[in-house]
Amino acid sequence: MEEKYNPYTIENKWQRSWEKDRLFKVDIQKDKEKYYLLEMFPYPSGNIHMGHVRNYTIGDVVARYKRMRGFNVLHPMGWDAFGMPAENAAIANKSHPATWTYQNIDNMRAQLKKIGFSYDWDRELATCQPEYYRWEQWLFLKMVEKGLAYRKESYVNWCDPCQTVLANEQVEAGMCWRCGKEVRQKKLWQWFFRITDYAEDLLMHCDKLPGWPEKVITMQKNWIGKSVGAEIRFPIIGGEGGDISVFTTRQDTVFGATFMCLAPEHPLVGTLSEGKEQAAAVNAFVERMSRQDRTAKAVETFEKEGVFTGAYCLNPMSGMEMPIYTANFALMEYGTGAVMSVPAHDQRDFDFATKYGLDIVVVVNHEGGDLIAEGLTEAYTGDGIMINSGSFDGMPNREAMEAIARHLEDKGLGKKTVSYRLRDWGISRQRYWGAPIPMIHCPSCGVIPVPEAELPILLPEDANLLEGGRSPLPELAAFAQTTCPKCGGDRARRETDTMDTFVESSWYFERYCSPDYDGGMFDKEAVDYWMPVDQYIGGVEHAILHLLYSRFYTRVLNDMDLVKYKEPFTCLLTQGMVCKETTSCPEHGFLLPNEIAEQDGVPHCTICGKAAVVGRVEKMSKSKKNVIDPNILLERYGADTTRLFCLFAAPPERDLEWSEQGVDGGYRFLNRVWRFAAACMDDIKDVSPYTDAPDSLEGELKKLYKKTHETIQRVTRDIEDRFHFNTAISAVMELVNALYAFDAPADAPERHRVVRFAVESAILLLSPIVPHFTEEIWEALGNSGSILLAPWPTHREDALAKDELLIVVQVNGKVRSRFNAAVDADDELLRKRALSDERVLKFIADKSVKKVIVVKKKLVNIVV
RNA sequence: GCGAGAGUGGCGGAAUUGGUAGACGCACUGGACUUAGGAUCCAGCUCUGGCGACAGAGUGGGAGUUCAAGUCUCCCCUCUCGCACCA
């Protein structure tokens, strides 16, 4: 064993050794229990960043730990390879997205290998490969068959100059992020997945995911957003039997509905105002609303406004004539797009009614109170007793909810129903770099699926990307022009939209089970063995979309009998962000690390020399210029220190704050272990570790032996139960400290064997965390075979047994003294010792003892 | 506004079922070894008072339950995240 720890040579050595022996390759082994560990695969953006390093280190530790516990561990890695950055980079570099993507993949793969992650690289996949998206297209056709994929016209953010659809994130204050021109809402035909069919099932199973963080569960529940209420129809006056259907959760207040509000996009808005004097104003309002940025609008500053359509409807319960408005606070996407407005009991309706001088009718009176419409300054939204509600007067409103719903159903005026916030998943992207949607538009036959045998529909490689990100596919005749599979007509066109990249990431975990399978999406036997994923790890930013889509997709596969389970991920860990303080110069804004220089302990801007300001600790991001490149860490300290730091600085679910000193500390610890091992290696390399009962050991030896077993127990519990690697590491640090403090006579019997056991245990416990480092020492100890094939150590109960226990003595709950007592000391003995303790006597001298509480093996509390 | 999580030394963070608050690490201080050390080893390190033994206070604030509260209950404050005119 070298005297000095040299991370570079040993990391190189072991990475090559693992690869040569193909140690991470796994196959189905029916006789072994499987464990599928998955980290969210990266988008191949070009470089691995600290967030990746943290995510994958956490996963790697668990994978290596589970392997040592005897599981057959599947731990794959791949690339979420379709997406916009590739297109943008290709436009900027005048190259092709595929070139850019594959270069990035090569680069990032090499980086990941340098960190020593234990992936089965034989299973690597990239979602932009035709062998992958072919099966996605196949499932799309199946979903069309089942009616789960469909086409409808819907509103999108559209930029005219750029001729493209923008994602919500690309609309900044109503303007296009690229050209700065106004974005408008445009109606386009788009493909959707009917995720709303599964809303109830997705919601119900939220409570059957005990291995998921509470936070993610509630986020999913809120996103699905179930409301129980009623649908009520309001006949349009003079509308020849037509009516307006509304959704409400407060059907008890229906007698108080005094006007109606329709979303500006509601189809009735145009027809109701048509030919009336209000028509022009209504059209102008609708037009103005369509230009409003619907995502970035600040609610607080958003004023409720609307215009009267000139039409009226009838309140079916109160018989009142209600004016019909179109208003900006009515949302087409929710419920039916129409709101029965009850100003007395809904704040929005109240604001609107006050503004436009509309009637207010109180129908729920609060307990013992006397609400009158005239005196109201705000809506009363609480519970109470029904008034002004015909035969329902006097009923508690909670009861009236049920009674009115029944009444409406009996009279055929409405029905009880539920509404969800969740909307169908729009998967069309007017983009090039994605999986083509396998459909054909024929002028005579309509929209026709591509025959299965023609899959995959390849994304043409010879496309030239266009300025502004506009998709070249519609203009690429070789791709777009085709013959109709039904009538054979040659005037058919391919669908030129591609699929949302979230579709690819909704089933990649199944593909990993049999990545080369060409008879379907996956080999059923492989999926039956490996799936579901036992532990999934990734950033909380995917708490809703990716995870919800994957749960939906899995249900679709389940309904088609392709898989046997409904939930793809049994346990989920969402790791926190990697953060660092920002530093900025009053003149030059955020500063890069190399633009900061210390002068008299104060950071200065090296561009202008002014004092720089150290700002908040924030997520590492290029725009904040507080990014640390993992490559620098790998060069300066090596992979093991980098891994150790990521795990030691914070528990995984919490944010991790970058600290130079923290990395140093980790490096120092490894060196400390190394030096100890190197110093005692000659003594211990040829002896077998002491693993017998502790009886024949004494004094220091027994103490160290016990400490070793305690450490094994603590580390195992910390990793197994809760992934608290930080405390696992600190437990090993304590053991190492104990080794340094160890002071048994040089000739004590069994000395070397006990030390060997301690050192070897520490190495084994650390091996999932710092695998190269521990391999090297493991080898030096004379062990044959890789440490990662060694079994995880287990503790002996008899070694943990204590001879004496420290008993705490409290007086009135305050600790006043401590003493050692035999393990089996009974209450009476403890009581006597406590009461005769000299320090305790000081506190009870002039008082009378009221009560003495004795807690076995722990403490005595004396109440005076 | 609704929902979730968090608040512990100078800092990152520890504290099974309520039972020694501050493990471990960083920073800092002192000592040892050294030509030297920013290496290493040993020791100290919540605050206040005291040379000290020790005493008092202390887990965002305030009440409560209890022999005993960082931990349980209620109210309040602050921060972070998510959703947000959801009818």
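Keep in mind that the numbers below use all heavy atoms, side chains included, and drop hydrogens, waters and symmetry copies. In what follows, chains are A, B, ... by sequence order, proteins preceding strands, each numbered from 1.
Side-chain N/O atoms of K851(A) include one lying less than 4.0 angstrom from OP1 or OP2 on C67(B). A sub-4.0 Å separation between OP1 or OP2 of A87(B) and a side-chain N or O of R421(A) is absent. For C41(B), one of the phosphate oxygens OP1 or OP2 lies less than 4.0 angstrom from a side-chain nitrogen or oxygen of R675(A).
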Take F648(A) and F669(A) through the test ring pair (Phe, Tyr, Trp, His ring centres under 6.0 Å) and record every step on the way to the result. CA-CA 11 Å; F648(A) 184 58; F669(A) 169 65; 7.9 Å; no

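Residue I224(A) contributes atom CD1, which lies 19 Å from atom P of G82(B) at whole-angstrom precision. Between the C1' atom of C81(B) and the CH2 atom of W223(A) lies a distance of 15 Å, rounded to the nearest Å. Counting to the nearest Å, the P atom of C79(B) and the CD atom of E618(A) are 15 Å from each other. The separation between K304(A) atom NZ and A87(B) atom C1' is 12 Å, rounded to whole Å. The distance from atom NE2 of H542(A) to atom P of G82(B) is 13 Å, rounded to the nearest whole Å. Atom pair E657(A):CD and C11(B):P shows a separation of 11 Å (rounding to whole Å applied). Atom CG in N222(A) sits about 10 Å away from atom C1' in A84(B), given to the nearest Å. When the P atom of U40(B) is taken as reference, atom CZ of F669(A) falls 14 Å away, rounded to whole Å.
Using modelled atom types, one finds no donor on one side chain facing an acceptor on the other under 3.5 Å when comparing T582(A) with N626(A). Between N737(A) and R672(A), the side chains place a donor N or O and an acceptor N or O closer than 3.5 Å (distance only, hydrogens not considered).
Using a 4.5 Å cut-off on side-chain heavy atoms (C-beta onward), D349(A) and I360(A) make no contact.
Each of I769(A), T57(A), V663(A) was checked for a side chain to side chain contact (heavy atoms under 4.5 Å, CB included) with L644(A), and the lone residue meeting it is I769(A).
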Let me have a per-nucleotide readout for nucleotides 16-26 of chain B, 5' to 3', with B, S or -, counting only protein heavy atoms under 4.0 Å. BB-BBS-BBSS

Under 4.0 Å protein heavy-atom contacts per nucleotide of nucleotides 53-60 of chain B, with B for base, S for backbone only and - for none: -SSSS---

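By the 6.0 Å contact criterion, CZ on R722(A) is enclosed, its count of non-hydrogen atoms from other residues, nucleotides or ligands being greater than 12. In K355(A), the NZ atom is crowded: over 12 heavy atoms of neighbouring residues, nucleotides or ligands sit closer than 6.0 Å.
The nucleotide whose nearest atom lies closest to any side-chain atom of T218(A) is, among A4(B), A87(B), C42(B), A4(B). The side chain of T248(A) approaches A87(B) more closely than any other nucleotide in the set C81(B), G82(B), A87(B). In this structure, the nucleotide among A14(B), G3(B), G12(B) sitting nearest to the side chain of H724(A) is A14(B).
Using a 30° and 60° split on the angle between ring planes, F676(A) and Y740(A) fall in the tilted class, from 30° to 60°. In this pair, W674(A) and F773(A) present their aromatic rings tilted. The plane angle is within the 30 to 60° band.
Straight-line distance between the C1' atoms of U35(B) and C42(B): roughly 23 Å, to the nearest whole Å. Going from the C1' atom of G82(B) to that of C72(B) covers 28 Å, rounded to whole Å.
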Dot-bracket for RNA chain B, 5' to 3', counting Watson-Crick or G-U wobble pairs under 3.5 Å, with [ ] for crossing pairs and | for inter-strand pairs? (((((((..(((......[....))).(((((.......))))).((((....))))..(((((..]....))))))))))))....

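Between Y637(A) and F645(A), a ring centre-to-centre spacing not shorter than 6.0 Å is recorded.
Ion pairing between a basic and an acidic side chain is recognised when a charged N comes within 4.0 Å of a carboxylate O; D252(A) and R398(A) show no such pairing.
When all heavy atoms are compared, the tightest approach of V246(A) to A338(A) is CB-O, 3.6 Å.
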